[in-house]
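For reference, the structure is listed below as structure tokens.
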Amino acid sequence: MRAGGRRSARLTVTALLAAGLALPAATGASAADGEPQRQGGATATLVGLKTYDQAVVTEGGAERRVPAGLFEMAVDEGGTLRTYCVDMQSPTQKDAEYQETPWSGTSLGANEDAGRIRWIVRNSYPQVNDLTALAEKSGSGTLTEQAAAAGTQVAIWRYSDKADIKAVDPHAEKLADYLEKKARKLPEPEASLALDPPAVSGRPGERLGPVTVRTDVASVDVSPAGDAAANGVEIVDKAGRPVSTAKDGGQLYFDVPEGASAGSAALQVQATTKVPAGRAFASGTRSQAQILAGASEATVSAAATANWADKGAIPALTARENCAAGGVDITASNPGDEAFTFRLMDTTYTIEAGDTETVTVPLQEDQAYDFTVTGPHGFEKRFTGVLDCLTVSGIGTEAIEPASGPSPASAGGTALSGADEDLAETGGSNATPLIGGIAVALVVVGGAVVFLLRRKQAEETGAGATARTTTATEESSGPDEGE
């Protein structure tokens, strides 16, 4: 990929400031307003902390109590998820929307102990819902649901955040010690449902694709979406036969009529399943990442788009957060007969005819992003979200100051008074959204300044700048030591 044009610090910072003040992510809006790292699967809304007890974390020689246990999420199309936190230093946002996400889009991607965290989830409550068996196995004595949840969360935090933390309940603490000691690495579970790639392009009169179905479900429903019917587009298989269902590995195509005017269409796949324990969930707002511990039957979905034109550039763009690289990967393909040129972060990129390239847009931790890429024939693609890759907040040390009763794994606040109190309602005020919006805007600007100064320094020295569910659960009669 070729980058061209002079990089102006003033222009870039001004543009980012304007974006920061208007960003959906900064005001708590869903990242689905744009297209973030969404790869398909379950989408859910945070309900709150539901089954928990207390723990004590030691930081800088000071101790503070934190509630530790299971969160609950409501799946958009019906169903419930139960999750543990893997990002204790970040706050949670009220009614934050979460999306099933690859580990690479969260701090788990760069954590060599992520597989041990998955082992803990698979071998403890609620995956193991026989608490008597769990207590015997772990030598922890009698376990209540609250103690089991707290002990499990404590063990997870020791691996996810490298936290110096102990459960207050001695039974929970013994469980945590057992889980920490016994944990071994397991691989990341496959997505409940995804499409690869989520965007294709080509010429009218052709079958555009393939889009491959990735799922753990026996069969998924397939349907056209958006303007597909109006444009006469059918969803077909490789042989050109219309399809309404597909299996794992099935290939789908957009059959675009010959002579169709330049345009676009979409398809959707949907199924009901239990999302595999160990899948990560991330929010498009700055809200702590979670790992799935239990799920009811839930509706999962994924979508793909197609663009076509009879001549010129025919772009297809996708985005994915890449925590290992410290940014967002924008992948662009261009099966057209002319080059496709676009700009990001005041830099121009060119995708030659017939090429596919990926560019990583470097971002600072906790930085909100809002990218819109435009192209020929009215092409426009917007990607929004917040880069949340680290378990230490990039907003400041105030997030871990000792407090008599902080909200779970968040900054300050008051202790929860009951199991039904929403985590996100603690420690807040009517000013919180405004303060949060301003804070994110400042982080965006600060991140841009740091990035640009580093880039400028590298250029001056000749070095290249390198960026960096209580609901039905999956049941088990006892701990399962492995896959």
Side-chain angles (χ1 to χ4, degrees), residues 48-59 63-72 80-86 88 113 115-186 277-278 290-295 404-409 415-421 423 469-483:
L49 193 65
K50 292 297 180 181
T51 308
Y52 66 94
D53 208 329
Q54 299 293 311
V56 175
V57 59
T58 302
E59 297 159 327
E63 295 184 347
R64 65 180 174 112
R65 282 200 174 202
V66 293
L70 275 168
F71 289 84
E72 185 174 300
T80 305
L81 307 178
R82 305 179 77 185
T83 62
Y84 287 108
C85 166
V86 291
M88 71 179 297
D113 291 320
R116 300 185 194 277
I117 296 172
R118 187 191 175 202
W119 187 96
I120 292 171
V121 167
R122 282 178 52 94
N123 289 275
S124 192
Y125 179 77
Q127 283 291 298
V128 180
N129 54 17
D130 184 340
L131 296 182
T132 299
L134 181 59
E136 290 177 354
K137 185 82 173 183
S138 62
S140 59
T142 303
L143 284 172
T144 64
E145 290 183 343
Q146 291 75 18
T152 306
Q153 178 67 89
V154 166
I156 288 172
W157 278 337
R158 291 174 183 173
Y159 281 120
S160 67
D161 294 70
K162 306 300 184 282
D164 182 359
I165 188 167
K166 294 183 177 182
V168 172
D169 185 304
H171 304 291
E173 175 63 12
K174 288 183 179 180
L175 175 62
D177 288 344
Y178 163 80
L179 294 171
E180 180 186 13
K181 179 180 178 180
K182 297 291 289 184
R184 62 182 181 82
K185 295 180 181 180
L186 296 180
Q290 308 273 319
I291 189 168
L292 186 65
S404 60
S407 60
L416 296 178
S417 61
D420 291 332
E421 183 170 351
L423 160 65
T469 44
T470 293
T471 61
T473 62
E474 299 178 55
E475 296 185 356
S476 172
S477 59
D480 177 7
E481 298 293 343
E483 284 292 289

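As the structure is a computational prediction, the values presented were derived from the model and not from experiment. In this chain, numbering begins with 1 at the start of the sequence shown.
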Could you check whether any side-chain N or O of Tyr159 sits under 3.5 Å from a backbone N or O of Glu180, counting only pairs where one atom can act as donor and the other as acceptor? yes

Which is it for Leu292 and Val121 under the side-chain contact (heavy atoms from CB on, under 4.5 Å) test, yes or no, and what are the steps along the way? CA-CA 8 Å; Leu292 186 65; Val121 167; over 6 Å; no

In terms of heavy-atom contacts, Ala295 and Leu81 come closest through CB-CD2, 3.7 Å

Could you grab the distance from atom CG of Leu186 to atom CD1 of Ile120, nearest 0.5 Å is fine? 10.0 Å

Residues forming a salt bridge (Lys or Arg N to Asp or Glu O under 4.0 Å) with Lys162, sequence neighbours excluded: Asp113

Side-chain donor or acceptor of Gln153 paired with backbone N/O of Leu70 under 3.5 Å: no

Interatomic distance, NZ@Lys181 vs OG@Ser138, rounded to 0.5 Å, equals 12.5 Å

Minimal non-hydrogen separation, Ala148 against Leu175, with atom names: O-CD2, 3.6 Å

Just to verify, what does Ser160 make a side-chain hydrogen bond (donor to acceptor under 3.5 Å, both in side chains) with, not counting sequence neighbours? none

Nearest-0.5 Å distance, CD of residue Glu63 to CG of residue Asp164: 8.5 Å

So, for Arg64 and Glu59, which heavy atoms are closest and what is the spacing to 0.1 Å? NE-OE1, 3.1 Å

Quick one: does any side-chain atom of Asp53 pair with a main-chain N or O of Ala150 as donor and acceptor, under 3.5 Å? no

Over all heavy atoms of both residues, which pair between Ile165 and Trp157 is shortest? Give the atoms and the distance, please. CD1-CE3, 3.3 Å

Working to the nearest 0.5 Å, report the span between CG of Leu179 and CH2 of Trp119. 6.0 Å

CG (Asn129) and CG (Leu134) are apart, to the nearest 0.5 Å, by 10.0 Å

Restricting to non-hydrogen atoms, name the atom on Leu143 and the atom on Leu131 that form the minimum distance, rounded to 0.1 Å. O-CD1, 3.5 Å

Nearest heavy-atom contact between Ala147 and Ala172 is O-CB, 3.3 Å

Restricting to pairs with a member in residues 165-174, which pass salt bridge (Lys or Arg N to Asp or Glu O under 4.0 Å), not counting sequence neighbours? Arg158-Glu173

Atom pair OH/CD of Tyr84 and Gln290 - distance to nearest 0.5 Å: 11.5 Å

Does the Arg118 side chain pair with the main chain of Gly278, one donor and one acceptor, at a distance under 3.5 Å? no

Check: Val128 and Lys137 side chains under 4.5 Å, non-hydrogen atoms: no

